Colleague: 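Below is the structure I would like to discuss, written out as structure tokens.
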Number of protein chains: 2
Amino acid sequence: MAGYEVGHMLIGELSERTGTPRRLLRYYEEQGLINPSRSPNGYRDYDESLVDRVAQIRGLLDAGLPTRIIKQILPCLNKPRVIHFPDATPEMIATLEHERDRMSERVACLTRNRDAIADYLEAVRAGDHADQS
Amino acid sequence: MAGYEVGHMLIGELSERTGTPRRLLRYYEEQGLINPSRSPNGYRDYDESLVDRVAQIRGLLDAGLPTRIIKQILPCLNKPRVIHFPDATPEMIATLEHERDRMSERVACLTRNRDAIADYLEAVRAGDHADQS
DNA sequence: GTTGACCTTCACATCGGTGTGATGGTTCAA
DNA sequence: TTGAACCATCACACCGATGTGAAGGTCAAC
């Protein structure tokens with residue numbers, strides 16, 4: 001059970017470190033969002049960098065993006081500065097532009113509503129129970 | 001089929017004006033997100049203000065919020081300045097604070113990824129096909 | 001009065017993300 | 001060598017949001 005090579009881990013460790021059920025780590029792999037290598041015994045072998053990537057995936061899922069879209073935008077998000085892009089096909093670029101804009105819309109919507117909630121909370125906190133106590 | 005009282009409309013018109021299937025307008029009602037009045041004949045009668053509200057609901061759904069949560073935060077978002085809040089129970093306040101924070105997290109995640117996409121697109125556009133043509 | 005375009009309710013289906021558990025292989029330590 | 005703690009695949013179930021359509025009421029126009 002020992003992790004000989006540092007920077008690599010089994011599914012259980014990645015699960016704990018990301019707070020993600022094993023089931024979902026396998027699901028994300030099935031959807032092509034990650035592809036861990038395999039140890040000789042067939043166990044999945046996750047690279048350290050996948051901790052961040054999984055967090056990113058979950059954040060995007062939580063923000064309403066489906067795996068299909070996440071899969072398309074992930075390659076643009078490789079840690080190192082834009083090295084060499086796998087595919088700059090016009091359709092891919094159009095897709096990215098579209099998704100970028102949709103994300104901006106989501107940000108606007110969320111920001112608007114969050115600010116409204118914050119305002120409400122502030123108003124409530126501003127001693128509005130004066131007529132009750 | 002004429003709309004006698006302006007500012008009121010049938011489900012079909014609201015559907016067209018918001019780009020929302022009738023099915024979903026009824027679903028949102030069932031979930032307690034809107035409650036249109038009824039005409040004598042049983043038809044749903046939507047107020048003009050629901051055009052905006054439906055847009056808001058759809059935006060939040062698209063941003064990953066479930067109807068259960070949307071239902072809780074909607075009352076804080078009445079057009080007129082915070083008039084009188086229906087319920088300022090401590091649990092409700094805690095819920096709102098929590099959801100506000102979750103929305104901030106989503107905004108952060110979406111912004112980060114959107115910017116990365118934008119950077120990527122810019123880099124691609126910056127004549128990086130130099131080594132190909 | 002019949003037709004057409006609305007509306008109603010209701011039910012069943014699909015799809016994506018997720019939960020749960022069965023069945024069995026690998027490895028380490030007692 | 002057996003048991004515990006991992007791992008694997010696979011299948012079935014659930015839930016929320018959504019699609020689709022059947023069966024029937026209302027109303028305006030012809």
Side-chain angles (χ1 to χ4, degrees), chain A residues 1-5 8-47 50 54-74 106 109, chain B residues 1-5 8-47 50 54-74 99 102 106 109:
Chain A
M1 185 202 305
Y4 9 75
E5 303 274 355
H8 282 203
M9 66 195 97
L10 299 182
I11 198 172
E13 184 176 344
L14 184 59
S15 171
E16 275 187 21
R17 290 178 61 185
T18 61
T20 308
R22 288 147 230 255
R23 171 74 172 89
L24 292 186
L25 293 175
R26 301 197 185 99
Y27 175 67
Y28 299 154
E29 176 179 355
E30 182 185 290
Q31 299 302 306
L33 304 185
I34 52 183
N35 62 327
S37 55
R38 296 288 182 135
S39 293
N41 58 10
Y43 289 9
R44 289 177 178 81
D45 187 20
Y46 296 91
D47 185 86
L50 291 184
V54 168
Q56 187 181 21
I57 291 170
R58 304 212 91 206
L60 291 173
L61 276 173
D62 184 60
L65 281 80
T67 56
R68 199 192 93 250
I69 300 299
I70 297 177
K71 179 179 179 179
Q72 292 185 289
I73 73 180
L74 270 186
R106 278 183 256 245
C109 173
Chain B
M1 183 204 302
Y4 9 73
E5 303 274 357
H8 282 203
M9 64 194 96
L10 298 182
I11 198 171
E13 183 176 344
L14 183 59
S15 171
E16 274 188 22
R17 289 178 61 183
T18 60
T20 308
R22 288 146 229 255
R23 171 73 172 90
L24 292 186
L25 293 175
R26 300 195 184 101
Y27 175 67
Y28 299 155
E29 177 180 356
E30 182 185 290
Q31 299 303 305
L33 304 185
I34 51 182
N35 62 327
S37 55
R38 296 289 181 134
S39 294
N41 58 10
Y43 288 10
R44 289 177 178 79
D45 187 19
Y46 296 92
D47 185 86
L50 291 184
V54 167
Q56 187 180 20
I57 291 170
R58 304 213 91 205
L60 290 172
L61 277 172
D62 184 60
L65 282 79
T67 56
R68 199 191 94 252
I69 300 298
I70 297 177
K71 180 179 178 178
Q72 294 185 289
I73 72 180
L74 269 187
E99 290 307 322
R102 288 210 53 195
R106 278 183 256 244
C109 173

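Here the structure is a predicted model, which means the values were calculated and not measured. Proteins come first, then strands; the chains are lettered A, B, ... in the order of their sequence lines, and each starts at number 1.
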Colleague: Expected output is a numbered-order residue list: members of residues 66-74 of chain A with a heavy atom under 4.0 Å from any atom of DNA chain D. What is it?
Modeller: none
Colleague: Between D/dT18, C/dG17, C/dT9, spot the one nearest the side chain of A/Y27, thanks.
Modeller: C/dG17
Colleague: To the nearest angstrom, how far is A/E29 atom CD from C/dG17 atom P?
Modeller: 16 Å
Colleague: Considering only heavy atoms from C-beta outward, does the side chain of A/R26 approach that of A/I11 to under 4.5 Å?
Modeller: yes
Colleague: Which whole-number value in Å describes the distance from B/R22 CZ to D/dT18 P?
Modeller: 16 Å
Colleague: Out of D/dC7, C/dT18, D/dC27, which has the shortest distance to the side chain of B/N41?
Modeller: D/dC27
Colleague: Please report the distance, rounded to the nearest Å, between CG in A/L10 and P in C/dT27.
Modeller: 11 Å
Colleague: Is there a side-chain contact between B/L25 and B/Y46, using heavy atoms and a 4.5 Å cut-off?
Modeller: yes
Colleague: What is the distance, rounded to the nearest whole Å, between atom CD of B/E30 and atom P of D/dG16?
Modeller: 11 Å
Colleague: If you find the nucleotide of DNA chain D closest to A/R23 and the one closest to A/D45, which residue's nucleotide is nearer the 5' end?
Modeller: A/D45
Colleague: Could you tell me if the side chain of B/R58 sits less than 4.5 Å from the side chain of B/T18, heavy atoms only?
Modeller: no
Colleague: Has the side chain of B/S15 got a donor or acceptor atom that lies under 3.5 Å from a matching backbone atom of B/T20?
Modeller: yes
Colleague: Nearest to the side chain of B/Y43, which nucleotide is it out of D/dT26, D/dT18, D/dC7?
Modeller: D/dT26
Colleague: Whole angstroms only, please: what is the CG-C1' distance between A/D62 and C/dT18?
Modeller: 14 Å
Colleague: Calculate the interatomic distance between A/Q31 atom CD and C/dG17 atom C1'; express it in whole Å.
Modeller: 9 Å
Colleague: Suppose we screen for salt bridge (charged side-chain N to carboxylate O under 4.0 Å, His left out). Which residues come up paired with A/R17, at least two apart in sequence or across chains?
Modeller: A/E13, A/E48
Colleague: Rounded to whole Å, please give me the gap between CZ in A/R26 and C1' in C/dT20.
Modeller: 12 Å
Colleague: Is the shortest distance from a Lys or Arg side-chain nitrogen in B/E99 or B/R68 to a carboxylate oxygen in the other one below 4.0 Å?
Modeller: no
Colleague: Rounded to whole angstroms, how far apart are CG on B/L60 and C1' on D/dA17?
Modeller: 15 Å
Colleague: Tell me which nucleotide among D/dT18, C/dT8, C/dG19 gets nearest to the side chain of B/R38.
Modeller: C/dT8
Colleague: Tell me which nucleotide among C/dT27, D/dT18, D/dC7 gets nearest to the side chain of A/I11.
Modeller: D/dC7
Colleague: Output the single nucleotide from C/dG17, D/dT18, C/dT9 whose closest atom is nearest the side chain of B/R44.
Modeller: C/dT9
Colleague: Counting only side-chain heavy atoms from C-beta out, which of D/dC27, D/dG19, D/dT9 sits nearest to B/L24?
Modeller: D/dG19
Colleague: Are B/R44 and B/E30 within salt-bridge range, i.e. N to O under 4.0 Å?
Modeller: no
